[in-house]
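Shown next, in structure tokens, is the structure this report addresses.
The analysis underlying the following values was restricted to heavy atoms, covering all of them including side chains, and did not include hydrogens, waters or symmetry mates. Order of appearance sets the numbers: ligands from 1, and atoms from 1 within every ligand.
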Amino acid sequence: MTQALIVIDVQKDFCPGGALAVPEGDRIVSEINALMGAAEVVILTQDWHPAGHSSFASSHEGKAPYDMIEMPYGPQVLWPDHCIQGSIGAQFHPKLQADRADLIIRKGFNPAIDSYSAFFENDRDTPTGLEGYLRTRGIDTLVMVGLALDFCVNFSAVDAAKLGFKVTVRERLCRAIDLNGSLDAARDSMVAEGVTLEAANG
Ligand code: VGL
Ligand code: ZN
């Protein structure tokens with residue numbers, strides 16, 4: 001068994017003060033650093049959108065952040081502009097020990113398709129390449145932490161489980177956006193795919 005720790009989107013824009021702040025998003029950083037220190041393999045993901053990305057409400061006339069729209073690949077939440085390539089907000093949280101990472105995988109760079117998951121874009125079909133990286137390194141077991149539990153952590157965990165990886169999500173080292181019941185729905189879908197959810201107090 002070879003295990004990797006995948007730290008999802010611990011970036012300034014997802015922390016308090018950022019463009020798409022997740023409540024308490026910064027509270028998980030020091031414990032994630034400790035976990036990274038003990039991990040065999042560390043992978044970071046970085047949400048990385050071009051300006052004018054199709055997931056931004058500002059790219060759709062008359063739409064506001066958190067509205068839903070229908071994209072060619074299905075329903076899509078519209079977000080405030082966030083994690084724009086090269087911007088301060090796209091940087092990792094300054095206390096996150098990003099130097100510890102073996103791999104940093106960026107996602108959401110396709111202007112026409114959002115990408116919550118570290119494995120596939122939101123068309124559920126276009127791969128990011130992470131699966132090949134993990135398989136060629138002989139990694140079969142994943143621990144996931146980060147932001148946001150109900151979006152990027154959820155989609156990454158579900159895709160990884162579907163691909164046959166053994167996946168544990170440490171809820172204590174995640175925080176959620178919780179939009180219209182999205183947190184409960186995310187927990188249900190992760191459990192349904194066989195993801196082990198380690199309770200918040202665990
Ligand atoms: C995320 C919304 C938009 C996330 C990324 O990291 O969970 N959520 N882009
Ligand atoms: Zn995004």
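Shortest contact from atom 1 (C) of ligand 1 to any protein heavy atom: C152 SG, 3.2 Å.
Residue L147 touches ligand 1 through its backbone alone, judged by heavy-atom distances below 4.0 Å.
Among the backbone and side-chain atoms of H53, none of the N, O or S atoms lies under 2.8 Å from the Zn ion (ligand 2).
Ligand 1 has an N or O atom lying under 3.5 Å from an N or O atom of D47, backbone or side chain.
Checked for salt-bridge contact, D102 and R137 meet the test: a charged N lies under 4.0 Å from a carboxylate O. In summary, D26 and K95 do not engage in a salt bridge, as defined by a charged side-chain N under 4.0 Å from a carboxylate O. Here K166 does not pair with D140 in a salt bridge; the nearest charged N to carboxylate O distance is not below 4.0 Å.
Among the heteroatoms counted here (N, O or S) of D47, OD2 is the one nearest to the Zn ion (ligand 2).
Contact analysis leaves Q11 out of contact with ligand 1, as no non-hydrogen atom separation drops below 4.0 angstrom.
Atoms of ligand 1 found under 4.0 Å from any heavy atom of F151 (numbered from 1 in listed order, with element): 7 (O), 8 (N). The ligand atoms of ligand 1 that sit less than 4.0 angstrom from a heavy atom of D9 are 4 (C), 6 (O). Within ligand 1, the atoms closer than 4.0 Å to a non-hydrogen atom of H82 are 3 (C), 9 (N), numbered from 1 in the order shown.
Just one residue in the list W48, F151, F14 forms a ring pair (Phe, Tyr, Trp, His ring centres under 6.0 Å) with H82, and that residue is F14. If you run side-chain hydrogen bond (donor to acceptor under 3.5 Å, both in side chains) between T126 and each of D123, N122, T128, only D123 comes through.
Here the angle centred on the Zn ion (ligand 2), running from NE2 of H82 over to NE2 of H49, is 90°, rounded to 10°.
Under the 4.5 Å side-chain heavy-atom criterion for ILVMFWY residues, no single connected hydrophobic cluster contains both V195 and L5.
The cationic group of R124 does not satisfy the cation-pi geometry with F155, failing either the under 6.0 Å distance to the six-membered ring centre or the 45° limit from the ring axis.
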